[in-house]
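Because the structure is a prediction, the values reported are computed rather than measured.
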Amino acid sequence: MKADQPALPKILVLASGSGTNFQALLDASRGRDFPGQIVALGCNQPKAFALERAAQANVETFVVNHKEFGSREEFDAALMAHILRYNPDLIVLAGFMRILTTDFVRAFRGKLVNIHPSLLPKYTGLNTHQRALDAGDAVHGVSIHFVTEELDGGPVIAQAEVTVTAEDTCETLAEKVQQKEHLLYPIVVRWFCEGRIQLGDEQVLFDGQAIETPMRLTDN
Ligand SMILES: Nc1nc2c(c(=O)[nH]1)N[C@@H](CN(C=O)c1ccc(C(=O)N[C@@H](CCC(=O)O)C(=O)O)cc1)CN2
Ligand SMILES: NCC(=O)N[C@@H]1O[C@H](COP(=O)([O-])[O-])[C@@H](O)[C@H]1O
């Protein structure tokens with residue numbers, strides 16, 4: 001980066017597991033025109049493979065193991081302290097498997113997003129793919145939303161659909177959804193870094209205009 005160029009928006013990613021969404025964001029951020037920089041990865045699981053991905057990419061990491069804290073509030077306070085060291089412009093939950101407290105969410109309101117493996121408001125919480133199969137849904141998918149106090153209830157920014165077939169299992173459906181996740185998250189994070197996405201009064205603003213429905217990633 002040349003000395004006279006403004007610093008790029010700082011992205012901090014939180015993950016708990018494999019980190020394939022983190023990897024998709026890493027790969028996208030290596031593009032010459034990507035308008036943001038991933039400054040750190042935080043994990044609550046010391047053995048998360050996402051940490052290995054960060055090491056391979058020379059991205060700073062920190063671990064805050066939730067099992068070492070007596071309460072959710074204490075864990076969140078420790079996590080917040082690490083995050084504030086980086087002063088990120090955007091905090092991206094990428095398979096981060098801890099429910100965050102109201103204080104944490106409010107501290108980062110408008111710059112905290114999550115990717116959720118369902119077409120919200122359907123199937124908040126866990127085990128979304130099995131629930132879609134059990135319900136006999138013909139369509140399933142992924143949502144990217146602002147994180148609010150309500151679990152997976154924040155304003156939805158964008159979604160992508162996958163078709164469900166009779167041959168699908170939990171595993172095959174998860175794979176289909178993850179393929180769309182890896183396409184959608186880099187697009188939405190780019191929009192954030194370009195200043196095109198804001199959280200209004202419990203609604204999403206895109207280029208300054210409130211959007212009535214989430215933006216859809218289509219196959220064509
Ligand atoms: N306050 C909020 N916190 C979080 C949100 C949110 O919208 N508001 N999104 C989740 C992400 N998520 C689904 O997308 C999710 C993650 C974790 C859980 C959950 O039940 N976690 C359990 C532990 C489960 C485990 O360790 O395997 C828990 O925290 O007790 C539900 C949904 C991130 N946080
Ligand atoms: N409720 C949160 C949740 O289930 N998130 C899901 O965890 C996976 C993480 O994969 P990754 O670690 O390979 O990115 C992703 O499929 C994401 O949608």
Side-chain angles (χ1 to χ4, degrees), residues 10-23 25 38-55 59-132 142-157 170 174 177-178 181 185 188-189 192 197-204:
K10 293 184 286 184
I11 304 159
L12 188 142
V13 182
L14 297 179
S16 300
S18 170
T20 64
N21 275 285
F22 170 59
Q23 188 66 56
L25 293 169
I38 296 175
V39 295
L41 170 78
C43 291
N44 64 302
Q45 296 284 5
K47 295 183 178 178
F49 189 70
L51 292 164
E52 178 58 32
R53 296 179 190 272
V59 170
E60 281 190 43
T61 63
F62 58 85
V63 174
V64 183
N65 185 344
H66 63 280
K67 294 173 182 171
E68 296 176 357
F69 295 85
S71 71
R72 205 176 286 275
E73 289 72 19
E74 289 172 274
F75 166 72
D76 278 16
L79 184 64
M80 186 183 295
H82 279 273
I83 292 170
L84 291 175
R85 286 183 14 237
Y86 294 91
N87 188 30
D89 299 286
L90 179 64
I91 301 161
V92 175
L93 306 186
F96 184 72
M97 300 305 287
R98 298 301 298 174
I99 298 172
L100 295 161
T101 59
T102 296
D103 285 351
F104 184 100
V105 167
R106 285 179 179 170
F108 299 116
R109 185 183 189 280
K111 56 180 177 181
L112 182 60
V113 294
N114 179 53
I115 192 161
H116 179 78
S118 81
L119 294 174
L120 292 171
K122 293 186 83 171
Y123 312 132
T124 59
L126 300 174
N127 305 314
T128 61
H129 307 308
Q130 191 58 56
R131 291 154 70 188
V142 56
S143 303
I144 296 173
H145 64 96
F146 281 105
V147 175
T148 61
E149 294 85 341
E150 182 187 355
L151 182 62
D152 303 329
V156 181
I157 302 162
C170 211
V177 168
Q178 283 227 306
E181 291 180 348
Y185 228 170
V188 172
V189 170
F192 261 97
I197 296 274
Q198 280 99 23
L199 176 59
D201 294 332
E202 291 309 306
Q203 59 185 171
V204 177

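- Atom OG1 in Thr124 sits 6.0 Å away from atom CG in Leu151 (nearest 0.5 Å).
- Residue Phe146 holds its CZ atom at 10.0 Å from CD of Glu202, rounded to the nearest 0.5 Å.
- Between Val113 and the options Val147, Leu199, Leu93, Leu90, a side-chain contact (heavy atoms from CB on, under 4.5 Å) holds for only Leu90.
- Using a 4.5 Å heavy-atom cutoff, the side chains of Ile157 and Phe192 are in contact.
- For the atom pair CD of Glu181 and CG of Asn21, the computed distance is 4.5 Å after rounding to the nearest 0.5 Å.
- A donor-acceptor contact shorter than 3.5 Å links the side chain of Arg53 to the backbone of Ser18.
- Proximity of a side-chain donor or acceptor of Arg106 to a complementary backbone N or O of Glu149 within less than 3.5 Å is not detected.
- Considering CD of Glu68 and CZ of Phe75, their distance stands at 10.5 Å, rounded to 0.5 Å.
- Sequence neighbours left out, not one pair with a member in residues 75-93 passes salt bridge (Lys or Arg N to Asp or Glu O under 4.0 Å).
- Contact of the Pro155 side chain with the Gln203 side chain is not registered, since no non-hydrogen atoms from C-beta on lie closer than 4.5 Å.
- In this structure, the ring of Tyr86 has its center no less than 6.0 angstrom from the ring center of Phe108.
- Counting only distance, with no hydrogens or angles, the side chain of His116 and the backbone of Pro121 share no donor-acceptor pair below 3.5 Å.
- Ile83 approaches Pro88 most closely through the heavy-atom pair O-CD, 3.4 Å.
- Here the CD1 atom belonging to Ile91 is positioned 9.5 Å from the CG atom belonging to Leu100, to the nearest 0.5 angstrom.
- Of the possible polar contacts, one joining the Ser143 side chain to the Leu120 backbone as a donor-acceptor pair under 3.5 Å is found.
- Using the six-membered ring where Trp is involved, Phe62 and His82 have ring planes that are parallel, under 30° apart on the 30 and 60° scheme.
- The NE2 atom of His145 sits 9.0 Å away from the CG atom of Leu112 when rounded to the nearest 0.5 Å.
- Counting all heavy atoms, side chain and backbone alike, Asp152 lies closest to Gly125 at OD2-N, 2.8 Å.
- Counting only heavy atoms from C-beta outward, the side chains of Leu79 and Phe69 never approach each other to under 4.5 Å.
- A distance-only check finds no donor-acceptor pair linking the side chain of Arg72 to the backbone of Thr101 [under 3.5 Å].
- Considering every non-hydrogen atom in both Asn65 and Pro46, the closest pair reads ND2-CG, 3.4 Å.
- Closest of all the heavy-atom pairs between Ser16 and Ala48 is O-CB, 3.6 Å.
- Judged purely by atom type and a 3.5 angstrom limit, Ser118 has no side-chain atom pairing as donor or acceptor with the backbone of Thr128.
- Checking side-chain atoms of Glu74 against main-chain N and O of Ser71 turns up a donor-acceptor pair under 3.5 Å.
- Gln178 and Thr20 make their closest contact through OE1-OG1, 3.4 Å (heavy atoms, listed as atom of the first residue, atom of the second, distance).
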task: Could you please spell out the steps behind the side-chain contact (heavy atoms from CB on, under 4.5 Å) verdict for Tyr185 and Val92?
output: CA-CA 9 Å; Tyr185 228 170; Val92 175; 3.2 Å; yes
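- The nearest pair of heavy atoms linking Asp103 to Met80 is O-CE, 4.1 Å.
- Counting heavy atoms from C-beta outward, Ile11 and Leu25 have side chains that stay 4.5 Å or more apart.
- The side-chain contact (heavy atoms from CB on, under 4.5 Å) test with Ile144 singles out one residue from Ile197, Asn114, Ile115, Val189, and that residue is Ile115.
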